[in-house]
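Every number for a ligand or one of its atoms is a count from 1 in the order of the listing.
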Amino acid sequence: MTTRPPSGLFDSDGTIFMGSRRDPSDCRVGLFGVPYDGTTSFRPGTRFGPAAIREVSTGLETYCPQLDLDLDDLDFADLGAVEIPFGNPEPVLTKVKQATEAVLALGLRPLMLGGEHSISSGAVEAVAQRHPDLVLVQLDAHADLRDSWLGAHHSHACAMRRCLEILPSQMLFQLAIRSGTREEFHELHESGRLMPGIDALQKALAPLRGKPLYLTVDLDWFDPSVLPGTGTPEPGGYRWSDFANLIQVLQEHHLVAADVVELAPQLDTSGISSVLAAKVTRSLLLLLGSS
Ligand code: MN
Ligand code: MN
């Protein structure tokens with residue numbers, strides 16, 4: 001097994017996530033950023049998300065009381081930013097897929113920081129090739145089931161539609177979606193994919209224990225009062241305590257990959273959105289390192 005990612009995929013200049021290293025040898029988890037917001041329709045800025053998460057990570061404790069796990073006990077790498085072309089999403093998604101494949105080839109579990117939500121299907125495709133019975137759990141305010149949006153097939157409003165071209169419908173679980181079109185909600189209910197809350201998700205996932213699981217966290221799942229720094233904020237969302245309950249549920253499962261997307265740090269001058277996003281990232285690092 002090679003111990004370095006191929007050259008030309010990652011730019012490793014800049015800040016590194018707290019406690020990580022550049023060299024992936026002997027690591028369990030591979031973190032990387034995708035600074036892309038090319039299809040963002042409302043308020044751009046998620047390209048600055050990965051850097052902001054790394055920047056504030058040094059202010060966090062390494063210990064997570066909910067999981068009773070400590071980053072100090074985990075060997076993980078921060079490979080830097082995927083080198084992406086400007087403009088259309090298709091070449092970006094190709095790069096994201098290649099980067100995810102490279103992380104998997106190093107024997108690491110991928111954790112991707114966005115960037116806008118459209119990047120997730122590139123990573124999901126690479127992980128699903130490795131794990132054909134992959135289960136996907138989406139945290140999001142939005143259904144993301146449009147077939148195209150403002151002329152873009154790979155818009156962030158289409159993120160889960162693209163994932164449904166990779167995975168069967170019954171392997172996708174969409175947690176507490178609260179915004180979308182009438183058609184999207186009709187589909188959510190008809191398909192049985194809409195999980196009204198964490199208890200329902202826990203029940204639905206119980207028979208799938210042991211199967212490989214991918215968690216995609218669109219940060220607008222959180223309430224705008226606790227996470228205002230996102231492009232399409234949606235009232236009526238969740239709090240840290242809800243996420244803390246969720247990660248305890250996921251601790252019973254086999255998490256093989258995850259992403260954290262849609263942080264637009266410059267929309268929140270207080271910086272608390274980036275801190276919350278960094279704490280979500282810490283939780284996922286610990287889950288990926290221990291499951
Ligand atoms: Mn989304
Ligand atoms: Mn969303």
Exercise. Can you find a side-chain donor-acceptor pair between N88 and E90 that sits under 3.5 Å?
Worked result: no

For this session: Tell me, please, if D144 has any N/O/S atom, main chain or side chain, under 2.8 Å from the Mn ion (ligand 2)?
Result: no

For this session: Any chance you could measure F86, atom CZ, to R47, atom CZ, to the nearest 0.5 Å?
Result: 6.0 Å

Exercise. Is there an N/O/S atom in D220 that lies less than 2.8 Å from the Mn ion (ligand 2)?
Worked result: yes

Exercise. In this structure, which one of L31, D259, V103 forms a side-chain contact (heavy atoms from CB on, under 4.5 Å) with M112?
Worked result: D259

Exercise. Which of these passes side-chain contact (heavy atoms from CB on, under 4.5 Å) with Y63: D72, L69, L71, D68?
Worked result: D68

For this session: Just give me the atom name: the N, O or S atom of D218 closest to the Mn ion (ligand 1).
Result: OD2

Exercise. Which of these, V56, D268, L219, sits in a side-chain contact (heavy atoms from CB on, under 4.5 Å) with S273?
Worked result: D268

Problem set entry | Metal proximity, H117 vs the Mn ion (ligand 1), N/O/S cut-off 2.8 Å | yes

Seminar exercise, completed: the Mn ion (ligand 2) has as its nearest N, O or S atom from D140 the atom OD1

For this session: Provide the atom name of the closest N, O or S atom of H142 relative to the Mn ion (ligand 2).
Result: ND1

